[in-house]
Amino acid sequence: MQPHFAVPNLAVPTFAPASDAGLPLHIVTERTLEAWLSQQDAATAGWARTMGFSGAWGQVVVLPGTDGTASGALVGAGSPKSRQRQRFLLAAAAAKLPEGTYALASDLPADLSPEVECFGWLMAQYAFDRYAKNTGAKARLMAPEGVDAARVEVMAAGETFTRTLINTPAEDMGPEQLQQAVESLAEVHGATVTTVVGEDLLAQDFPLIHTVGRASDRAPRLIDMRWGSEGPTLTLVGKGVCFDTGGLNLKPGASMALMKKDMGGSANVLGLAHMIMATGLRLQLRVLIPAVENAVSGPAFRPGDILTSRKGLTVEINNTDAEGRLVLADALALAQEDTPDLLISMATLTGAARVAVGADIAPFFTDREGDAVTLASNAQDAADPVWRLPFHAPYEAMIEPGIADLDNAPSGGLAGAITAALFLRRFAGEARYMHFDVFGWCPSSLPARPKGGVGQGTRALFQALPDMLALS
């Protein structure tokens, strides 16, 4: 029996109570430093100068009190140019501060969002400590006036959920454990979950999900969560490939090392679902997760096979390592049968997307100009970068092999992210559809983002959804 996955507690480090006495945190830019120093006593100004404080981005100096303890801290906010090249100033500061409670004693520069900075501070406390406990002391922040502390804590909880699901190794995060995580989240929010498992996938017409997962001894499944009874309908579809060997087109070892994160799309939509449900957005939410392990054994599907999907479209298999779009195809076909007001898929789908925009940006596809503009604007406000790639219709011929309706892995290696998105759009029907091809992983530690699993596009969507769905 596989180990039971302990669903992470959705609580994350919270803001310090308003009743606490917070040490003052002074935010100083390179331009405002001299003016600030001129207003301080000689000892404080002298200490800052002795410590070489210049106001550079992320620079921190703890100010000593007369009793030998800290009396506050200086945080450098740099210049407008340096702030454009960095994110999460307060998170960078939190990592350098000694344990204690802090309160902002000055305004942030106008180009920094207090909500974003507070979110970053909370996420600076995140550590994946299931297997090796993290006992480091943490600095706490009092929520600044005007910041909706509850909302920020909800976003941090959703992001914590996403990161922990991705970071958990496949041994402890198979299709069954992913189902348990969804069920636990549903229980928190009063949502309902139904699951179609194993051979029942064939009986209920989800042939591609079954085919991709049938080689594993961990049964494939389609997880279906519903919440809400009023408002517009939103369906989120997340790729749940809990481990991807590549199938018979076996990945080399270096490419397989991070494949525990191939369920990052499902982790993203679950983090977003938590944000939606915890804040009570007035909409009807459905989350669909095809959860499988792409393994190698006798029943594995083969290159050259032609498979028939739930939608009736046939697919020629030219590479068994292009399995994510197959399981998503059946889930999208089901989703569009309900004609939701908005259908969104998220997946760690193609290396081509990483080549195009790197690890830090979440590329998305939509045919709706208004949705693209709304999302991009909110993504910038949320410091959650996204970039639109096109559903380029002239490339449709690249996914039409002739021997079947569709090709799951066109030869040539060009426009891989776009052809994958076009493939998925065939199964979304006439729905108002948006697709995200995320990486779901931070390759090196950055402020608020330790090396490991990370949410991408979820805070941008959470902020944009009220406008996209005209929620009152």
Side-chain angles (χ1 to χ4, degrees), residues 182 186 189 191-196 201 203-209 222-240 265-266 268-270 272-273 275-277 280-290 308-315 324-347 349 364-375 388 391 393 396 399 405-406 420-437 457-458 461-462 464-472:
V182 177
H189 297 294
T192 61
V193 179
T194 58
T195 308
V196 184
L201 289 165
Q204 297 190 38
D205 197 19
F206 299 106
L208 296 184
I209 299 173
L222 177 64
I223 306 163
D224 187 345
M225 181 176 76
R226 292 178 182 265
W227 173 87
S229 58
E230 295 183 330
T233 52
L234 168 67
T235 298
L236 305 175
V237 179
K239 176 185 170 184
S266 64
N268 264 268
V269 300
L270 289 172
L272 176 57
M275 298 177 200
I276 290 168
M277 295 186 290
L281 287 186
R282 186 181 170 276
L283 54 79
Q284 299 175 67
L285 175 67
R286 187 181 194 185
V287 177
L288 293 170
I289 296 175
T308 302
S309 66
R310 177 183 182 86
K311 195 174 179 68
L313 295 172
T314 56
V315 182
R325 66 201 69 182
L326 299 177
V327 299
L328 288 171
D330 273 355
L332 287 169
L334 173 66
Q336 61 89 33
E337 291 167 14
D338 272 355
T339 59
D341 293 309
L342 180 61
L343 172 59
I344 300 172
S345 61
M346 304 190 84
L349 202 63
F364 72 97
F365 299 78
T366 178
D367 285 321
R368 303 275 187 130
E369 192 67 30
D371 286 349
V373 171
T374 299
L375 179 68
R388 186 184 184 185
F391 278 127
E396 291 277 3
I399 59 171
D405 295 318
L406 294 169
L422 291 171
F423 181 98
L424 294 179
R425 190 175 66 168
R426 293 288 186 98
F427 296 89
E430 299 303 313
R432 177 184 173 190
Y433 177 52
M434 182 176 284
H435 166 62
F436 287 77
D437 191 337
T458 51
L461 279 169
F462 177 57
L465 282 173
D467 289 334
M468 292 173 69
L469 292 174
L471 301 179
S472 57

As a quick check of understanding, evaluate side-chain contact (heavy atoms from CB on, under 4.5 Å) for Y433 and L424, giving each step before the final call. CA-CA 10 Å; Y433 177 52; L424 294 179; 3.5 Å; yes

Please step through side-chain contact (heavy atoms from CB on, under 4.5 Å) for the pair F436 and I344, ending with a clear verdict. CA-CA 8 Å; F436 287 77; I344 300 172; 3.9 Å; yes

Could you go through I223 and V193, starting from their C-alpha distance and side-chain angles, then the distance that decides it, and tell me whether this counts as side-chain contact (heavy atoms from CB on, under 4.5 Å)? CA-CA 7 Å; I223 306 163; V193 179; 3.9 Å; yes

Run the side-chain contact (heavy atoms from CB on, under 4.5 Å) check on M434 and L375 step by step: do they pass? CA-CA 11 Å; M434 182 176 284; L375 179 68; 3.9 Å; yes

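Considering only heavy atoms from C-beta on, E396 comes within 4.5 Å of R425 through its side chain. Side-chain contact between T233 and D338 is absent, with no heavy-atom pair separated by less than 4.5 Å.
Without hydrogens or angle criteria, D341 side chain to L234 main chain gives no donor-acceptor distance under 3.5 Å. D405 places no side-chain N or O within donor-acceptor distance of the main-chain N or O of L313, the cut-off being under 3.5 Å.
What you find for T235 and P340 is that their closest heavy atoms are OG1-CB, 3.6 Å. In terms of heavy-atom proximity, V269 sits nearest to V237 at CG1-O, 4.0 Å. Here the closest heavy-atom approach between residue I276 and residue F462 is recorded as N-CE1, 4.2 Å. Closest heavy-atom contact between G240 and I289: CA-CG2, 4.1 Å. Considering all non-hydrogen atoms of both residues, M277 and H189 come closest at CE-CD2, 3.4 Å. Of all non-hydrogen atoms in A191 and R226, the two that sit nearest each other are CB-O, 3.2 Å.
Rounding to the nearest 0.5 angstrom, the gap separating the OG1 atom in T194 from the CG atom in L222 is 7.5 Å. In this structure, CG on L461 lies 6.0 Å from CG on L272, to the nearest 0.5 angstrom. Rounding to the nearest 0.5 angstrom, the gap separating the NZ atom in K239 from the CG atom in D437 is 8.5 Å. Atom CE in M225 sits 5.5 Å away from atom CG in L285 (nearest 0.5 Å). One finds the OG1 atom of T314 at 7.0 Å from the CG atom of L406 (value rounded to the nearest 0.5 Å). To the nearest 0.5 angstrom, T339 atom OG1 is 13.5 Å from R432 atom CZ.
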Below 3.5 Å, can you tabulate the donor-acceptor pairs from side chains in residues 329-336 to any protein atom, sequence neighbours excluded?
residue: D330; atom: OD1; partner: R310; partner atom: N; Å: 2.9
residue: D330; atom: OD2; partner: L208; partner atom: N; Å: 2.7
residue: D330; atom: OD2; partner: I209; partner atom: N; Å: 3.3
residue: Q336; atom: NE2; partner: A333; partner atom: O; Å: 3.2

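By the 30° and 60° cut-offs, the orientation of the rings of F365 relative to H435 is parallel. Relative ring orientation between F423 and F427 is described as tilted, the plane-to-plane angle lying within the 30° to 60° band.
E369 is linked by a side chain to side chain donor-acceptor pair (under 3.5 Å) to R388, counting only residues two or more places apart in sequence or in another chain.
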